[in-house]
Amino acid sequence: MTDVQEQQVRSALAGLRFPARHHDVITYATDRGGVEPDVLDALGELPRRAFSGPDDVVISLPDHPQPKVAT
């Protein structure tokens, strides 16, 4: 994850109340709109747990999100 992508994640989560569950993080970023698809993909790869704040989300992001496989 690059510094730019980390900043995009922080921007996507600005205003989200923490602690927040995985589902809350994804829903909040999706509902805000204007979030880059690669950022949403990275957030989708987060572990299924609660996060204490934006820093916790950023350090939990995978370095290389796995591409989605069409089913």
Pairs involving residues 25-36, ordered by first then second residue, that meet side-chain hydrogen bond (donor to acceptor under 3.5 Å, both in side chains) (sequence neighbours left out): H23-T27
side-chain hydrogen bond (donor to acceptor under 3.5 Å, both in side chains) involving R48 - partner list, sequence neighbours excluded: H22
Partners meeting side chain to side chain contact (heavy atoms under 4.5 Å, CB included) with P47 (sequence neighbours left out): R49, F51, S60
Heavy-atom closest pair, residues L13 and A29: CD2-CB, 4.4 Å
Minimum side-chain heavy-atom gap L61-L43 below 4.5 Å: yes
For R10, side chain to side chain contact (heavy atoms under 4.5 Å, CB included) partners two or more places apart: Q7, P54, D55, V58
A42 versus P62, closest heavy-atom pair with distance: O-CD, 3.9 Å
Atom of V25, atom of A20 and distance for their closest heavy-atom approach: CG2-CB, 4.1 Å
Within-4.5 Å side-chain heavy-atom neighbours: F18 and V57: yes
Residues in salt bridge (charged side-chain N to carboxylate O under 4.0 Å, His left out) contact with R17, at least two apart in sequence or another chain: none
